[in-house]
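Reviewing the structure listed below.
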Amino acid sequence: MDIDRRDFIKYGVLGVGAAALLGPGATVSASESARKEDLGGYGSFMKPSGKEVHIAGHALSWWVNKFQLPLHIYFAPAIRQNVRAFRRVFQDLYPKGHIRFAAKACAHPEVFKIVIREGAGIDVASYYETRCALESGAPPEQLDLNGNCKEDFLITRAIQTDMLIVADSIEEFQVISRIAKQMGKSPRVVMRISGFELGQVTAEAVFTAGKWTKFGACLEDIPDFLKTLGSHPHVRFLGFHTHIGSQITDLDPYLAVLGKLIELGRLLKETGRNCEIINIGGGFPLSYVNREEWDRFMERVLEGYLASQKGDMSRIFIWHNRTGGFETGPDGRIDTSHWNDDKFYSPYPKEKMVEAILKGRVKVRGKSVNTVKALKALGEPALVIEPGRSLVGDSAVTLARVSQARKIGGWHNLLTLEMGVTSLGTALVYMPVHRWEIINDHDRKDPEPFEAFVGGNLCFSGDMLAKYKISLQRKPLRGDIVLIRDTGSYGPQFFASNANSFPRPARVLVDTDGRLTVMRKRDTYEEIFSL
Ligand SMILES: *Cc1c(COP(=O)(O)O)cnc(C)c1O
C-alpha cells in the first residue's frame, strides 16, 4: 500500500483545491501530490500555510517547547515509500533484486525496523550496527558486512551468524578464510572491487571506486586472485561488489562498473563456479532541488565569479569566491563547460536510477547488451543494492533558530544559526545544497528574497552550514526559525558531537498514526560531562 489520501487528510494538508483534484477515493503518492503543490516530498508532513505551520499534526511551537532547538524530525512513511519504490522496480524488471539499507545513512533501531518490515536487509560496517540490525529483527542472511577494517572479532561474529561478508581486499579475504577454517565454517563471501578507470564519467569527488581509494581490491588483481580460490575450499565465494560513491547523479558510471562486474562474474564461472551475487552498492541520488533551480545555481556560481574578476564583489555566490565544480585551468581561466563536483539534481533520483540501470545497456567483453539480458546470461545472479541516502534523505527536516543576520566583507549577508555544522555534517565533507525557508510567520515575504551564507555556532571557521548563498523568503530576525529540507541521511547523526559542549539535538521519528518515537533525546549537562 502506498501512502494514501487518509494520511494527507489526517495531517490536514490537502487544501480544498488539491482534494478536489484527486477526487473521491483517489490515491496518490506523497511525492506526486507534493509536486502538484510544490512542497518537496513533504506533502503529507508539513502544512505550510495558515497562521502557524503544522508538522505532522503539531504546531511548530509545540515541537519547539517539547524538544527545543535544533531539532531533527523524521517521517516514517517517507522511508517506507522509498523502500517500496525500489522494490517495485525490482518486481517489474528483475525479481532477483535485493535491497540492503546502508546502515550508516541513518543508524537507528526504529529505522532498521521500518526497512526490515518492508523486506530490505541491512548493510552494516561495525559490530554495533550489526547488533542493532539483528536486535531490530533483520534475518542474518539479509545482513551484509562491509567495511575496510573489520576486526577479527567482527569477522568471527559474522561467520557465526552466517552473514554475507564483503571482503574489502585480497588480504582480508585470506583473514576471513583463516578464521573460518579455524571455526570449521563455510562463510558466504563476495569481493569488493575498485580500481575502475572511468575517465570523465563521474566527478572525482564522488568516485570511491577508482585507483585512489582505501576501499576494495584492485580490478586488475582479480584474475590471479580467482586462481587461488581452490586453496580456500571452505569459503563459498559468490561474486562481486562495488560501491561507486554517494549522490551519483549520472547513469553512466553505474553501467560502466556493472559491465565490469559481469565480466568478473564470467571469469568466476570459467573457474567452474557460479556467480550468485552482483552487488552494485548504493549512491542513488536525491534531487535536492529541481532542474531549473540547479541550472540557476550553477549559473549563479559562474556569474558571481566572473563579476568578481571585473571588480564587482557583490555578486559572489560561493564562500571565499571559490568556483564550486567549475575548475580553473593553469592559465587561471575557469572551465565553464563542465561541473566537476557533486550535483544536487538528477534526472534519475532514487529508484529511477535502478530502473534506468536495468533498462540500460552494459558493455560485456566489448559487446553492448541490455543489463537484464546480460545478468540472465550470467545465470541470473542476485542483484544487490545498498541504498542509504535514497531511502532516508528526504524523510527528515532540520529546524534551527536564527542568531543574527549580519554583513561580512562589506557586501554579503551572513546568517548565523544556533546550530553547529556537526548537526548538518555533510557540510563538513562537501557543499550540500538544500532547500531552506523561514518556518515561523511563514507567509510573510519581503518583495525580494534574502540571500546569505550560513554559519553555525561553533568556535572554528570551518563551521559553515551553507557555503553558497541560500535564499529565504524575507530577512530573518533573531529568534526566527529556519527549516532545512531533506536532511535525513548522514547530516543529523553521522557527525553529531558535543563540540563547544553544546548538546546534541533531539531526533524524533513521526509515523502516520501520529506516534512519535524519540530516536535521540537532547543531551543534558550531566550527560555531556559524564564519564
Ligand atoms: C555509504 C555506503 C553505501 C550507501 O551510500 P548512499 O550514497 O547513502 O546510498 C552503500 N554501500 C557502501 C559500502 C557504503 O559505504
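We number each residue from 1, following the sequence as shown. Each ligand, and each atom within it, is numbered from 1 in the order the structure gives. Computed over heavy atoms, backbone and side chain alike; hydrogens, waters and symmetry mates excluded.
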Put together the list of close N/O pairs, under 3.5 Å, between ligand 1 and the protein, could you?
unit_1, atom_1, unit_2, atom_2, d
ligand 1, 5 (O), Y490, OH, 3.4
ligand 1, 7 (O), S246, OG, 2.4
ligand 1, 7 (O), G283, N, 3.3
ligand 1, 8 (O), R389, N, 2.7
ligand 1, 8 (O), Y490, OH, 2.5
ligand 1, 9 (O), G283, N, 2.8
ligand 1, 9 (O), G388, N, 2.9
ligand 1, 11 (N), D123, OD2, 3.4
ligand 1, 11 (N), H243, ND1, 3.4
ligand 1, 11 (N), E386, OE1, 2.7
ligand 1, 15 (O), K104, NZ, 2.7

Q.
Does anything in residues 164-176 form a side chain to side chain donor-acceptor pair (under 3.5 Å)? List the pairs, not counting sequence neighbours.
A.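 Listed once each, the pairs are K150-E172.
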(Q) A quick test of your reading: do over 12 heavy atoms of other residues, nucleotides or ligands sit less than 6.0 Å from NZ of K363? (A)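 Not buried by this count: 12 neighbours or fewer within 6.0 Å.
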(Q) Looking at R178, I want to see if its CZ is surrounded by more than 12 non-hydrogen atoms of other residues, nucleotides or ligands under 6.0 Å. (A)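 It does: R178 CZ has more than 12 such atoms within range.
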**Q.** E276 backbone acceptor or donor facing N274 side chain under 3.5 Å
**A.** no
Q | Full working for side-chain contact (heavy atoms from CB on, under 4.5 Å) between F240 and N279 | A | CA-CA 6 Å; F240 302 95; N279 184 329; over 6 Å; no
Q) Can you find a side-chain donor-acceptor pair between N340 and E327 that sits under 3.5 Å? A)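 Yes, because at least one side-chain N or O of N340 sits under 3.5 Å from a partner of the opposite role on E327.
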